[in-house]
2 protein chains.
Amino acid sequence: MSTISTIYDVSRLSGVSTATVSRAFSNPDQVRESTRRKVYEAAEMLHYSPNAIARAMALQRTDKIAYLICKKGATILDEFYAGICDGIMRTANRSDFQLLVSTEEDWPLTVSTAQSKQIEGVILGGNAQPSLVSELQDQHVAVVLVNNRIAGFDLPCVVADEASGVRQAVELLIGRGHRRIAMLAGRVTPYVIGERYRAFLECMKEHGLQVGPADVKMCDANVDGATEAATELLSRPDRPTAVFCANDVVAAGTFKAARRLGLHLPEDLAVVGFDDSSVCSMLEPELTSVNINTRRMGELCVERLTALLEGEKQVPRLTVVPTELIIRRSV
Amino acid sequence: MSTISTIYDVSRLSGVSTATVSRAFSNPDQVRESTRRKVYEAAEMLHYSPNAIARAMALQRTDKIAYLICKKGATILDEFYAGICDGIMRTANRSDFQLLVSTEEDWPLTVSTAQSKQIEGVILGGNAQPSLVSELQDQHVAVVLVNNRIAGFDLPCVVADEASGVRQAVELLIGRGHRRIAMLAGRVTPYVIGERYRAFLECMKEHGLQVGPADVKMCDANVDGATEAATELLSRPDRPTAVFCANDVVAAGTFKAARRLGLHLPEDLAVVGFDDSSVCSMLEPELTSVNINTRRMGELCVERLTALLEGEKQVPRLTVVPTELIIRRSV
DNA sequence: GGTTTTTATGTAAGCGGTTACATATATTGT
DNA sequence: ACAATATATGTAACCGCTTACATAAAAACC
């Protein structure tokens, strides 16, 4: 089986024309049962399988899409974006799409690369620049945004229900009797931090709770930044009894700060995270966090993209994936 | 700029033949300076960029490679395999390779899929089955193994220097005065666990330290499995004073078990992990762990694969990437 | 059974590049 | 200035598949 066989080989062996062989594979109902069998048999013998490149060439479509992670310093290592990637991959593989993955940094997706690699659609994860989006759209590359929204653009966005997640988390804290609740706002992406912050304020206000300027601290979305900020927050005389963290990494930093200050969790301090990443169960006590179904988000991205590519009208512009609070021992 | 331009358009606008245009792009030194400029100018005006599909068709090479994660239950979410993936992606993008990524589960790579998708080379991560390897090799698909070795196959493998990593970790513990050192062997992949276990025994023996059957505990490579196993291990009357963990997740489980048993880290128990994953700095105390340069491993995979595809003789069969112990406060 | 209609198959022209070979143009030597 | 050589460009076939159109075969009709 050393050489790869082509449609011509099958044609010759089965005694029909290449056109018929082609039809037997892509439009089986156009060829008579008996002929079809002959073709399949020959194909089987030759271990024939159609050449996707030649197919793409003839059909003028490549079924090739890309997932670009737009977040400074982020890689596929980012558990959140990896989760989305997983969902995209699964769905793409199932639908026979070819998926190229990259981060903005090591492969700045430009119109010309998209063009030359014949990419038909792009899923932009995170903080995509409007200029990139409009360039791509100008070139008729289908674009879907995930975990982000950009005002003034007409394209499908897939996001998590941040507001509901925040509400569930904050209301759990309130329900457990907490009144002085702080927020540790790690700088994830502008969109996400904005949503979570807004929802936090809104929810606190609804419950008649004060949020002073010192109750919300910004910090870098990594352990060190969070530990530092949390230390400040928890060193205040009227320190909060609960901290709502913008994500799990920040929560881990809060854990470290608390422990170093001699506080016991969850007795002295309740902590809630966001993302429900794998660290939640590695921490002690285990971290209560808001689960985001990233895989589902990825799947939906591909579905929306497919719909765009098929030229469907009425592709939903906004898809919101539910979030769910996972209660563990940190509260 | 709505329609995409082809080499014919450039040919017409610049007044030279398509052959020359083609050469101007792929073999610039074969065309005279002045002609080249005309061609580039026309291309610029038309926003021309060569069609990769057509190119692949003519050249009979696709520059398409795949990375397949072979580990039950594993996804791209696995930080270790994601790190490798990151390295692969960067290098692949730089060298103009197209990369398809998948896990064994949701896209069982078969010879026919490899064939029809025109995949020229495959990087198999983790526990690849020999049967898959030989099938692929039979079809002349280039194969590189990463984080694994299979006896009896002639192919490049890229692995970490497990033995050295283990030695550094264990010798650190011994250097700090520990004598009763246990190993918590999470079932990662057969190859990896085998290497780490063997190296552990060897190193202990060299230092004249006993390793009883109760001193090595197998467990699932997740937090719960590790917590359970660690609890048993640490409940013994003559409990070890240090635990060498097969990876960081297992170490996190050990942390939890220790804390629940009222042990203080690092005073009552020293813990060392493996992989130096992101959780290391999230734990309190921060986890000492063996760093594996996964990105480098990924890069090397692509380099080896490229070498195979270019038909180079003497592609190294074994590439060992150094490991480095990162000392933190858990010891 | 012969004509019309329907269905199955074949022929050949692309899809957008590359490249062997032929030809035209430039460079060199005397 | 002309032949010999080196270099630049053009012509056209090919990569493997699809599909419009033409033709052949089968089915349906009277």
Side-chain angles (χ1 to χ4, degrees), chain A residues 3-40 42-43 46-64 96 98 112-120, chain B residues 3-43 46-64 96 98 112 114-120:
Chain A
T3 57
I4 287 182
S5 51
T6 73
I7 205 170
Y8 293 99
D9 302 317
V10 179
S11 154
R12 200 170 326 117
L13 183 60
S14 61
V16 303
S17 72
T18 61
T20 302
V21 176
S22 172
R23 283 188 281 252
F25 282 102
S26 23
N27 296 82
D29 42 323
Q30 279 180 26
V31 11
R32 195 184 317 149
E33 169 70 24
S34 58
T35 321
R36 218 186 307 157
R37 256 209 310 278
K38 274 196 304 190
V39 171
Y40 290 161
L46 295 166
H47 291 103
Y48 167 78
S49 67
N51 181 325
I53 300 280
R55 196 146 202 282
M57 178 99 214
L59 288 175
Q60 297 287 83
R61 39 194 301 261
T62 59
D63 287 335
K64 203 182 289 180
D96 258 317
Q98 313 204 29
S112 82
T113 57
Q115 224 173 265
S116 92
K117 295 211 176 187
Q118 307 296 110
I119 291 170
E120 300 185 326
Chain B
T3 57
I4 287 182
S5 53
T6 74
I7 204 170
Y8 294 98
D9 302 318
V10 178
S11 154
R12 200 170 325 118
L13 182 59
S14 60
V16 303
S17 73
T18 61
T20 302
V21 176
S22 172
R23 282 188 282 252
F25 282 102
S26 24
N27 296 82
D29 43 324
Q30 279 180 25
V31 10
R32 195 181 320 145
E33 168 69 26
S34 57
T35 320
R36 218 186 309 157
R37 254 207 311 279
K38 274 195 306 191
V39 172
Y40 289 163
E41 208 171 292
L46 296 166
H47 291 101
Y48 168 77
S49 66
N51 180 325
I53 300 280
R55 196 148 200 281
M57 177 101 214
L59 289 174
Q60 296 288 81
R61 37 194 303 260
T62 58
D63 288 335
K64 202 184 289 179
D96 258 317
Q98 313 203 29
S112 82
Q115 224 173 265
S116 91
K117 295 210 177 187
Q118 305 296 109
I119 290 170
E120 299 185 328

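Everything numeric in this text was worked out from a predicted model, so none of it was measured. Chain letters run A, B, ... following the sequence lines, proteins first and then strands; every chain starts at 1.
For A:Leu59, taking side-chain heavy atoms from C-beta onward, the closest of the listed nucleotides D:dC17, D:dT19, D:dC15 is D:dT19. Here D:dT18 is the nucleotide among C:dG17, D:dT18, C:dT19 with the atom lying nearest to any side-chain atom of A:Ile7.
Proximity of A:Gln60 to the phosphate of C:dG16: a side-chain N or O atom is located under 4.0 Å from OP1 or OP2. Applying the 4.0 Å criterion to OP1 and OP2 of D:dC17, one finds that A:Ser22 has every side-chain N and O outside that range. Listed pair A:Ser26 / D:dT18 meets the phosphate criterion, a side-chain N or O lying under 4.0 Å from OP1 or OP2.
In this structure, CZ in B:Arg12 is found 12.0 Å from CD1 in B:Ile7, a value given to the nearest 0.5 Å.
Evaluation of the side chain to side chain donor-acceptor pair (under 3.5 Å) rule for B:Ser22 yields no partner, not counting sequence neighbours. Every residue two or more places apart in sequence or in another chain that forms a side-chain contact (heavy atoms from CB on, under 4.5 Å) with B:Ser14 is listed here: B:Val10, B:Val16, B:Val21, B:Val39, B:Ala42. With sequence neighbours excluded, no residue forms a salt bridge (charged side-chain N to carboxylate O under 4.0 Å, His left out) with A:Arg23. Under the side-chain contact (heavy atoms from CB on, under 4.5 Å) criterion, B:Ser5 pairs with B:Asp9, B:Leu46, B:Tyr48, sequence neighbours left out. With sequence neighbours excluded, the residues forming a side-chain contact (heavy atoms from CB on, under 4.5 Å) with B:Glu120 are B:Arg61, B:Thr62, B:Asp63, B:Leu309, listed by chain and number. B:Lys64 pairs by the side chain to side chain donor-acceptor pair (under 3.5 Å) definition with A:Gln98, not counting sequence neighbours.
When the local axes at the two ends of the helix from C:dG1-D:dC30 to C:dT30-D:dA1 are compared, using 5 base pairs at each end, they differ in direction by 30° after rounding to 10°.
One donor-acceptor pair, N or O on each side, does fall under 3.5 Å between the base of D:dC17 and the side chain of A:Tyr8.
In this structure, the side chain of B:Tyr40 does not engage the main chain of B:Phe25 through any donor-acceptor pair within 3.5 Å.
Sorted by first and then second residue, the pairs that involve residues 25-36 of chain B and meet side chain to side chain donor-acceptor pair (under 3.5 Å), not counting sequence neighbours, are B:Glu33-B:Arg37.
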Under 3.5 Å between N/O atoms: give me all the protein pairs with nucleotides 7-11 of chain C, atom names plus distance.
| residue | atom | partner | partner atom | Å |
| --- | --- | --- | --- | --- |
| C:dA8 | O3' | A:Arg32 | NH2 | 3.2 |
| C:dT9 | OP1 | A:Thr35 | OG1 | 2.1 |
| C:dT9 | OP2 | A:Arg32 | N | 3.0 |
| C:dG10 | OP2 | A:Ser17 | N | 2.6 |
| C:dG10 | OP2 | A:Ser17 | OG | 3.0 |
| C:dG10 | OP2 | A:Thr20 | OG1 | 2.8 |
| C:dG10 | N7 | A:Arg23 | NH2 | 2.9 |
| C:dG10 | O6 | A:Arg23 | NH1 | 3.4 |

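When the C1' atom of C:dG16 is taken as reference, atom CZ of A:Arg55 falls 18 Å away, rounded to whole Å. D:dA8 atom P lies 12 Å from atom CG of B:Asn27, rounded to whole Å. Straight-line distance from the CE atom of A:Met57 to the C1' atom of C:dT18: 11 Å, rounded to whole Å. Nucleotide D:dT19 holds its C1' atom 15 Å from the CZ atom of A:Arg61, rounded to whole Å. When rounded to the nearest whole Å, the span between CD1 of B:Ile53 and P of C:dT18 equals 13 Å. The CD1-P distance, from A:Ile4 to D:dC17, rounds to 10 Å in whole Å.
Nucleic acid contact for A:Tyr48: sugar-phosphate only, since backbone atoms but no base atoms lie under 4.0 Å from a heavy atom of the residue.
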